[in-house]
J.: 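Let me begin by handing over the structure; questions about it come next.
None of the values given here were measured: they were computed from a predicted structure. First the proteins, then the strands, lettered A, B, ... as listed; each starts at 1.
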Protein chains: 2
Amino acid sequence: MSFGEQDLNRAFLALADPTRRQIIARLSTGPATVNELAEPFKMSIQGISKHIQVLEQAHLVTRTREAQRRPVHLNPALLTELTGWIDKYRLLAEQKYNRLDAVLKDRSAHSG
Amino acid sequence: MSFGEQDLNRAFLALADPTRRQIIARLSTGPATVNELAEPFKMSIQGISKHIQVLEQAHLVTRTREAQRRPVHLNPALLTELTGWIDKYRLLAEQKYNRLDAVLKDRSAHSG
DNA sequence: TTCTTGATCAACCTTTCGGTTGATTACTAC
DNA sequence: GTAGTAATCAACCGAAAGGTTGATCAAGAA
């Protein structure tokens, strides 16, 4: 599955909202309908519905159809893509630090 | 280091912009000044400066002082926090799927 | 058919974001 | 001191985000 800049924009933006993160946390324990997802919030159903659409466009969730209900499912594959992006640069940066550590240790060993 | 909802908001929002992600990619290879970071972009220096402030408020980068320059450093620790948040729910969801897989395999084994 | 439920669509409003330009601060070099 | 360089501050602007309410659609139940 190809994964462009636009997808990263949408996915990280989706995670930047506490309501949407709470929805993701809920979905990690299993699928749920819009009404079920809305229950813990003071927000209107329409507001929650919008949040779910944002998550869906970011491919963080998918929806099936079940009579008049439309259960929402978390898509863990996309979460993997996100951690992949972050880890790439985290590891590069940490390697830099490790090399610096090595240099400093080497210097103190020579001077001590 | 304590890490609240507000910090997650800011950090994920910071990552939701392609210019800022490119800045992070650059910083993963080592520190850089604002002018150096601005070089690859058509954007004004002030625009880049704003982006860096967003990254700084999200604790994704820190700044030191070096004469009139203010080099920007990537903070890998925060990237770790973010992957930590994502992985928590990714793993929960994957466990769900694995259990479902096991059930389906068990059923087909019995029926086959 | 009519009624109820689950959910979306559409219009609107306020706040925030991402960008610009112009002025200003902080430091170095002469 | 003055000039030059690195970067921020401040005000402004258009576009998008996050929320609301009211109307509508789709499916099952009576």
J.: How long is the gap from OG1 on A/T83 to NZ on A/K88, to the nearest 0.5 Å?
T.: 13.5 Å
J.: Check this for me: B/E5, atom CD, are more than 12 non-hydrogen atoms of other residues, nucleotides or ligands nearer than 6.0 Å?
T.: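 Atom CD in B/E5 is crowded, with more than 12 foreign heavy atoms closer than 6.0 Å.
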J.: In whole Å, what is the span from the CZ atom of B/R69 to the C1' atom of C/dC27?
T.: 10 Å
J.: Would you jot down, in residue-number order, the residues of residues 35-58 of chain B having a non-hydrogen atom under 4.0 Å from DNA chain C?
T.: B/M43, B/S44, B/Q46, B/G47, B/K50, B/H51
J.: If we check side-chain contact (heavy atoms from CB on, under 4.5 Å) with A/L27, which of these qualifies: A/I23, A/T29, A/I24?
T.: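 So, applying the side-chain contact (heavy atoms from CB on, under 4.5 Å) to A/L27 and each of A/I23, A/T29, A/I24, only A/I23 qualifies.
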J.: From CG of B/D17 over to P of C/dG19, roughly how many Å is that when rounded to an integer?
T.: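 Those two atoms, CG and P, are 6 Å apart.
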J.: Tell me if a side-chain donor or acceptor on A/T80 pairs with a main-chain N or O of A/P76 at a distance below 3.5 Å.
T.: yes
J.: Is B/R10 near enough to C/dC17 that one of its side-chain N or O atoms lies under 4.0 angstrom from OP1 or OP2?
T.: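 Checking C/dC17 against B/R10, no side-chain N or O comes under 4.0 Å of OP1 or OP2.
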J.: In sequence, state the C-alpha distance, the side-chain angles, and the governing distance for B/R90 and A/L74, and then conclude on side chain to side chain contact (heavy atoms under 4.5 Å, CB included).
T.: CA-CA 9 Å; B/R90 179 175 66 81; A/L74 188 58; over 6 Å; no
J.: Send over the distance from B/I23 CD1 to C/dG18 C1', rounded to a whole Å.
T.: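 The distance from CD1 of B/I23 to C1' of C/dG18 comes to 12 Å, rounded to the nearest Å.
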J.: According to a 3.5 Å limit on both distances, what stems of 3 or more consecutive Watson-Crick or G-U pairs are formed with DNA chain D?
T.: C:1-30 with D:1-30
J.: Side-chain donor-acceptor pair under 3.5 Å between A/R69 and A/N35, yes or no?
T.: no
J.: Does C/dC27 have OP1 or OP2 under 4.0 Å away from a side-chain N or O of B/R70?
T.: no
J.: Atom CZ of A/F12 and atom P of C/dC17: how far apart are they, to the nearest Å?
T.: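 Distance check: A/F12 CZ to C/dC17 P gives 18 Å.
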J.: Side-chain atoms of residues 39-51 of chain B: list all donor-acceptor pairs with protein atoms under 3.5 Å, sequence neighbours left out, distances to 0.1 Å.
T.:
{"residue": "B/S44", "atom": "OG", "partner": "B/G47", "partner atom": "N", "Å": "3.1"}
{"residue": "B/H51", "atom": "ND1", "partner": "B/R20", "partner atom": "NH1", "Å": "3.1"}

J.: Run A/D7 and A/H59 through side chain to side chain contact (heavy atoms under 4.5 Å, CB included) and show every step you take.
T.: CA-CA 8 Å; A/D7 298 287; A/H59 305 115; 3.5 Å; yes
J.: Please give, in whole Å, the distance from D/dA16 P to A/L13 CG?
T.: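 The answer, rounded to whole Å, is 12 Å.
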J.: Grab the CD-P distance between B/Q22 and C/dG18 for me, whole Å please.
T.: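 Distance check: B/Q22 CD to C/dG18 P gives 15 Å.
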J.: For C/dA26, does either OP1 or OP2 sit under 4.0 Å from a side-chain N or O belonging to B/R65?
T.: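 For B/R65, the contact criterion (side-chain N or O under 4.0 Å from OP1 or OP2 of C/dA26) is not met.
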J.: Quick one: does A/T33's side chain get under 4.5 Å of A/V72's, heavy atoms only?
T.: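 Side-chain contact under 4.5 Å: no.
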